[in-house]
Amino acid sequence: MNIPATPADLNAPLTSDEFEALEDILDDLRTRGEDVPQWEFCEGAIAALLCTRRLILPSEYFPVLLGTGDDGDNQFQDEEQFTRFVTLWTRRWNEVAQALGADVETLEDERTYEPEVMDVRGAVASLPDEARAEIGDQELPAFAQVWALGFMFVVENWPEEWAAPRDKEAAALLNEALDSIVSLTEDDTDPPTVSMHTEDGPPSVSEARLNDFGAAIWAVYDLRELWQSIGPRVETVRKAETPGRNDPCWCGSGKKYKKCHGLN
């Protein structure tokens, strides 16, 4: 997949309309590929990719994330749609990277990373009775569940970049942080106390879920700091053993090493 050039101003935060534009593009892609995820899933993937030990380029992760395979750009309507998607994606990427790079001490800090997640259950609960009846018993994701699934999708698809380090303290930090995110991939079964959809909407999210969500955000910060401090994996280069002078030469000539490549 050839990633197109994008406009120079890529640091402007996305507006709500632009988030909707991203979702619209994904909806359109889904008409040609059922594995294309929702934006919240992509939001979680961006956070994970920014934490991953090695920098993974868009040309590597887009085909995996969007389920498009090697001919991914054929899934987009045209070059204009593809460029629009990449531009919006890059702006959100930069925004998240800036937030994760900020020295924050509280989640109330305006610089703190705020995942773009939806309270789907709260939104459905706020619908008129007739519209809610049309949805029926359809299973709805818990708050931040899709975001967490997107994060863990990256961890599972690039496991070599998330392998536990040898240092025991670092390995324990890695496991604890990932456990915080994994907990959000599960359902919210505690009694709901608040709606994240509207201030006065029907309760749809539990207090425990909100606490877990806060812990997961801190976990993202911990993971980014961990891998940045350790750095990319370095492959060990092993030198081949030199044959003894009377051993058969490694080249397969049938001669002794001393009378073949051992002469050099």
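What you see below is based on every heavy atom in this structure, not just the backbone, and it leaves out hydrogens, waters and symmetry mates.
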With distance as the sole criterion, is a donor-acceptor pair present between the side chains of D28 and Q81 under 3.5 Å? yes
In this structure, are over 12 heavy atoms from other groups packed under 6.0 Å from E114 atom CD? no
Heavy-atom nearest pair, A144 first then E40, reads CA-OE2, 3.6 Å
Quick one: CH2 on W89 to CG on N94, what's the gap to the nearest 0.5 Å? 12.0 Å
A side-chain contact here means heavy atoms from C-beta on lying under 4.5 Å apart; do W218 and S180 qualify? no
Short side-chain to backbone donor-acceptor contact, E95 and P13, under 3.5 Å: no
Taking the side chain as everything from C-beta on, heavy atoms only, tell me whether R54 gets closer than 4.5 Å to E60. yes
With the 4.5 Å side-chain cut-off for hydrophobic clustering, are L22 and I46 part of the same group? yes
Can you confirm whether L50 sits close enough to Y113 that some side-chain heavy atom of one is under 4.5 Å from a side-chain heavy atom of the other? no
Shared ILVMFWY cluster between L140 and L210, side chains joined below 4.5 angstrom? no
Looking only at heavy atoms, the pair that brings F85 and L66 closest together is CE2-CD1, 4.2 Å
Residues S204 and S195: closest non-hydrogen pair is OG-CA, 3.7 Å
Please check: side-chain N/O of R121 versus main-chain N/O of F143, any donor-acceptor pairing under 3.5 Å? no
Does any N or O in the side chain of D188 come within less than 3.5 Å of the main-chain N or O of S206, such that one atom is a donor and the other an acceptor? yes
If you group Ile, Leu, Val, Met, Phe, Trp and Tyr by side-chain heavy-atom gaps below 4.5 Å, do V124 and M196 land in one group? no
Looking at D187 and T189, would you say the former's side chain and the latter's main chain have a donor-acceptor pair under 3.5 Å? no
With rounding to the nearest 0.5 angstrom, report the CD to CG distance, E20 to D27. 11.0 Å
Cluster question for you: counting only ILVMFWY and a side-chain heavy-atom cut-off of under 4.5 Å, with indirect links fine, are I56 and L100 together? yes
Please collect all salt bridge (Lys or Arg N to Asp or Glu O under 4.0 Å) contacts where either partner lies in residues 191-218, sequence neighbours excluded, each pair once. none
Pick one: which of L223, V155, L149 meets side-chain contact (heavy atoms from CB on, under 4.5 Å) with I181? L223
So do the side chains of P141 and W147 get within less than 4.5 Å of each other, counting heavy atoms only? no
Heavy-atom side-chain contact between V220 and I217 under 4.5 Å: no
In this structure, CG of L26 is separated from OG1 of T31 (nearest 0.5 Å) by 11.0 Å
The reported gap from CH2 in W39 to CD in E116 (rounded to nearest 0.5 angstrom) is 9.0 Å
Rounded to the nearest 0.5 Å, what separates atom CD in Q77 from atom CD1 in I25? 9.0 Å
Between C51 and W227, the two heavy atoms sitting closest are O-CD1, 2.8 Å
Is a side-chain N or O of R132 found less than 3.5 angstrom from the main chain of L127, in a donor-acceptor match? yes
Would R84 and T87 count as a side chain to side chain contact (heavy atoms under 4.5 Å, CB included) here? Give the steps. CA-CA 5 Å; R84 174 68 168 159; T87 300; 5.7 Å; no
Correct closest heavy-atom pair for G201 and S126 would be CA-OG, 4.4 Å
Kindly say whether T185 contributes a backbone atom to a donor-acceptor pair with the side chain of Q145 at under 3.5 angstrom? yes
Just by modelled atom types, is the A208 backbone N or O under 3.5 Å from a matching donor or acceptor in the D190 side chain? no
Side chain to side chain contact (heavy atoms under 4.5 Å, CB included) between F151 and L184, worked out: CA-CA 10 Å; F151 193 105; L184 289 183; over 6 Å; no
For T106 and T112, the nearest pair of non-hydrogen atoms, with its separation, is O-OG1, 3.0 Å
Is there a side-chain contact between V146 and M118, using heavy atoms and a 4.5 Å cut-off? no
Side-chain (T90) to main-chain (V86) donor-acceptor, under 3.5 angstrom: yes
Surrounding CD of E23 (heavy atoms of other residues, nucleotides or ligands, distance under 6.0 Å), is the total greater than 12? yes
Which distance, rounded to the nearest 0.5 Å, do you find between the CG of D167 and the CG of L174? 11.5 Å
For the backbone of D35 and the side chain of R30, can you confirm whether one donor and one acceptor N or O come within less than 3.5 Å of each other? no
Kindly indicate whether the side chain of F213, heavy atoms from C-beta on, has any atom under 4.5 Å from the side chain of V205. no
Sidechain-backbone polar pair: R92 side chain, E43 backbone, donor-acceptor under 3.5 Å: no
With heavy-atom distances below 4.5 Å as the criterion, would you say the side chains of L49 and W93 are in contact? yes
